[in-house]
There are 2 protein chains.
Amino acid sequence: MDVKDNRAARIGDVAREAGVSTATVSRALASPEQVRPELRARVRAAVAKLGYTPNAAARQLRVKRSRTVLVVTRKRWSAPFFAEVLRGLDAELSAAGYAMVLANMDSEGQDRSRQLVDMMFSGTIDGAVFLSDFVAVADGRSVFDAGLPLVSLCAAMEGTHAVLTDEDVCMERALHQLFALGHRDILYLPGPAENYNEIVRWGALARAFEAAGPGLGLTRAEGGDFSLDYGAAAARAFLASERRATAVMAVSDESAIGFLNTVQDAGIGVPDDLSVLGFDGIEFADFCRPTLSTIRQPRFELGRTGARVLLAAIDADAPPAPTRHVLHNILDLRGSTGPAPRRLETS
Amino acid sequence: MDVKDNRAARIGDVAREAGVSTATVSRALASPEQVRPELRARVRAAVAKLGYTPNAAARQLRVKRSRTVLVVTRKRWSAPFFAEVLRGLDAELSAAGYAMVLANMDSEGQDRSRQLVDMMFSGTIDGAVFLSDFVAVADGRSVFDAGLPLVSLCAAMEGTHAVLTDEDVCMERALHQLFALGHRDILYLPGPAENYNEIVRWGALARAFEAAGPGLGLTRAEGGDFSLDYGAAAARAFLASERRATAVMAVSDESAIGFLNTVQDAGIGVPDDLSVLGFDGIEFADFCRPTLSTIRQPRFELGRTGARVLLAAIDADAPPAPTRHVLHNILDLRGSTGPAPRRLETS
DNA sequence: TTGTAGGCGTTATCAC
DNA sequence: GTGATAACGCCTACAA
C-alpha cells in the first residue's frame, strides 16, 4: 500500500504521484504559501498515500544544518539535578524541532574525546551545551575550534555563552543566616577542587569569612565529590575530630544528606547540636529528617534557558559575542538548621 | 593554516594535498589495509595538516547508516534509576561509536509524536530503545512501522527485543520473606495502573497471595505514580485508616522513602511497628533511617544490555526474531524490615 | 507559480 | 592497488 516495493518513498515518487515536479513537492512541504492551493493539496495527498518522510541526511547535506544539538554531561552531576536540567533542555529543544544527542564524558578517554571533537567538525551538530567543564581535545583540535555556538550550563567556560545561577550570592546569604543564628564555626563539605561550582561556592564562602572579621572559624573538609558517600565519609571524619563546628555547609544536597544521616546515627542532634545546609534543592531534601535546609536551584529552568540561549546563537547570522545569563536560587531554611548550641563561650 | 579559506576541508582537498584520488583517501581512512603504506602515510599527513573530518551527512546519504540510536524516555522514571540506565546505554553505545539521541515523551503531544515517528522514517536513526511503553503514532504510522530494530527496556512491547529483570520472582521472594517474619497483612503502594512494571509486580504479588491461602490480607493503595510525594500521600491515607497492615511493599524506592518518612513523623516505629520495602536499589535507599530494604535492579547493566541487544539487531543481516533477556535483581533486606509486631492474634 | 538542473561530500563500482 | 565516476536524496538558483 504505502510504497511500491519496500524501499522508502523519495521525493521523486511523490512528485510523480502528484503530477508535479520535485521542486514543487519540496516547496509544498517547506513553504506551502508559495504553492497554489490545488497543487499543495495534491502533494499532501501523495505524501500521505506514499508515507513519505524526507531523508534527513540528504537535506542536511544541502542545507548544512542538522537541527541537532549536542549535550555533554559528566558523571559527577547528582542524578536528581541532572535529570531535571535534561528535561528542561529537552522541552525547549524539542519544541523548536531540534534533536538532542547526549554524550557522557565520564571517562575522559582519548577515544571519547576524539568522538566529541569529530562530532563538532563533522556537521552532525549545530551547537552544543556543556554540563561539564571538561574540554575535549584530540589531534590538536578542541571542541571550541569548530566554531559552533556553545553554551556552558552552571559554569562559565571562556568563549561560550554562560548560563549560571547566583550561587555565590546565595552562599553568602546562607552564611549570614547561620551567623545570625549564632554559628561561629562552620565546616564546609567541598566538591572536587577543580570543579567550577566548587570554586565559586568555596570562593564566596572564603571571601565572606574574610570580610566578616576575626573570631570565626571556617574549615574545609578533605576531598569531596558531591556524593552521598562522601557526605557520610566526611561525617565520620568530623565525628573523629574535635567537632568545633556547629554548622555544616555542603556543596550539594547529596553530601549534606549523607552527612546528616551519619552524624545522627552517632547520636548528634540536628539541628540542636549541629545545623546542616545543602545545595541544589533536590526532592530528597524534603524527605530526610529533619528536612534539609538547602539552596534551591531552578533546575528545569536552567535547562530551558540553556537551550534558548543556544538556539538564539544558532539562529544568529553572525556569531554573537559570548553572553551571560544569571538565574536565581532560593535559600530555603528548614528543619536541619537552627540556633547554634550554647557552649563554653556563652558569657 | 588549517584550511584554505575558512570552509571546512573536504575529501577533495585532502586528495589534492596528498596527490592521490578521493577514492584513495576514502579507502585510506576506512580500510587502511587496502592501501599501500606510503600512500596511506601521505593521506594521513594531509588529513592532519588540513584538519579534515568527513562530513557525516554525506557519508550517511551513501551508506544509509547514521550510527545513531534513539532513546525514548518518560518522566515517570525515578531520576536515580534513569540516570544509571542512561549511563549504561551511553557506555556501550559510545564504545561502539554510536551516538545517542534522547527524546522525552512526557507530553504525549501530537507534535512530539510526529517528531518521533518522522525520526524513525527519516533515516536519522538506526534503531531505538524505549524506556517508555508509550507508542507514538502520527499520520497513521507508528514508531514500529519504520521497521527499525527496537528494544524495550524494563518492559516487553510486542515486536521488540525485550530487556527485563526477574521482578516478578523477586517480588514473590520478598513477600515470602515477609511471611517468614510473621507478616500477614500487606499494603502495596502501586505505580500507574497501565505501567508495565506495575502490572508485573502487582500481578506477581496478587498471584502469590492467591497461592498462599487464606488468612492473609493484601491491600492495594489508591493511585500511585512511583514518586516520593505519592509515598507521603499514601502514608497519610494509611495513618487515617484502620492500619491493619504490618508491612508495606512499594513499587519504587521513592514511594517507599516518602512513606517511611511520613509514618515515622507520626510516631510509628520502623521496623518495630511496621516494615517497609522498596524497589530499585537507588543510592538514597542507603541514606534513609532506617536503611531501606529494597529489591536492587542492575541499573547500569540494564542500560548496557539494552544497548548491546540493539547493536546486535542493527548489525544483523536479516531482522532477527524478537529476543528476550532477563537480568537478576537482588533482594536486600535491611533496617526497614523486621518481624511483625505481636498483636491480638498472638496465641 | 512551476519546472529544470546542478551540486551538496561521500562511498563504491568499475575499469585499469 | 589506484583512479574515474556514478549514485545517494534533497534543495534552490535560475529560467520559463
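All values below come from the heavy atoms of this structure, side chains included, with hydrogens, waters and symmetry mates left out. Below, read A as the first sequence line, B as the second, and so on, with proteins coming before strands; counting in each chain starts at 1.
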*Asks:* Listed by chain and number, what are the side-chain contact (heavy atoms from CB on, under 4.5 Å) partners of B:Ala103, not counting sequence neighbours?
*Replies:* B:Leu70, B:Arg112, B:Leu116
*Asks:* Going by the rule side-chain contact (heavy atoms from CB on, under 4.5 Å), which residues pair with A:Glu194 if we only count those two or more places apart in sequence or in a different chain?
*Replies:* A:Arg76, A:Pro192
*Asks:* Do any N or O atoms from the side chain of A:Asn104 and from the backbone of B:Arg87 form a donor-acceptor pair under 3.5 angstrom?
*Replies:* no
*Asks:* Does B:Arg36 have any salt bridge (charged side-chain N to carboxylate O under 4.0 Å, His left out) partners at least two apart in sequence or in another chain, and if so, which?
*Replies:* B:Glu38
*Asks:* Between atom OH in B:Tyr52 and atom C1' in C:dT11, what is the gap in whole Å?
*Replies:* 10 Å
*Asks:* Under 4.0 Å from any atom of DNA chain D, heavy atoms only: list the residues of residues 19-32 of chain A that qualify, in numerical order.
*Replies:* A:Ala23, A:Ser26
*Asks:* How would you list, by chain and number, every residue that makes a salt bridge (charged side-chain N to carboxylate O under 4.0 Å, His left out) with A:Glu92, sequence neighbours excluded?
*Replies:* A:Arg304, A:Arg308
*Asks:* Please collect all side chain to side chain donor-acceptor pair (under 3.5 Å) contacts where either partner lies in residues 145-158 of chain A, sequence neighbours excluded, each pair once.
*Replies:* A:Ser152-A:Thr160
*Asks:* Less than 3.5 Å between a donor and an acceptor, one on the side chain of B:Arg62 and one on the base of C:dT11, is that the case here?
*Replies:* yes
*Asks:* Would you please name every residue forming a side-chain contact (heavy atoms from CB on, under 4.5 Å) with A:Ala96, sequence neighbours left out?
*Replies:* A:Tyr98, A:Leu311
*Asks:* Rounded to whole angstroms, how far apart are CZ on B:Arg10 and C1' on C:dG7?
*Replies:* 11 Å
*Asks:* Excluding sequence neighbours, so at least two apart, what forms salt bridge (charged side-chain N to carboxylate O under 4.0 Å, His left out) with B:Arg114?
*Replies:* B:Asp139
*Asks:* For A:Ala313 and A:His161, work out which heavy atoms get closest and say how close.
*Replies:* CB-NE2, 3.7 Å
*Asks:* If you pin B:Pro54 and A:Glu33 to their nearest nucleotides in DNA chain C, which one's is more 5'?
*Replies:* A:Glu33
*Asks:* Could you give the angle between the helix axes at the two ends of the helix from C:dT1-D:dA16 to C:dC16-D:dG1, with five pairs per end, rounded to 10 degrees?
*Replies:* 40°
*Asks:* So which pairs with a foot in residues 52-63 of chain B pass side chain to side chain donor-acceptor pair (under 3.5 Å), sequence neighbours left out?
*Replies:* A:Arg141-B:Thr53
*Asks:* Students should find this one: the first and last nucleotides of DNA chain D, 5' to 3', lying under 4.0 Å from a heavy atom of chain B. What are they?
*Replies:* D:dG1 to D:dG9
*Asks:* Check the distance between C:dC8's C1' and B:Arg59's CZ and give it to me in whole angstrom.
*Replies:* 16 Å
*Asks:* Would you indicate what B:Gln34 reaches in the nucleic acid, counting non-hydrogen atoms under 4.0 angstrom: base, sugar-phosphate, or nothing?
*Replies:* sugar-phosphate
*Asks:* Test of understanding: with ring-ring contact (aromatic ring centres under 6.0 Å, His included), list the residues that count as partners of B:Phe121, not counting sequence neighbours.
*Replies:* none
*Asks:* A:Leu61 has an atom CG; how far is it from atom C1' of C:dG6, in whole Å?
*Replies:* 13 Å
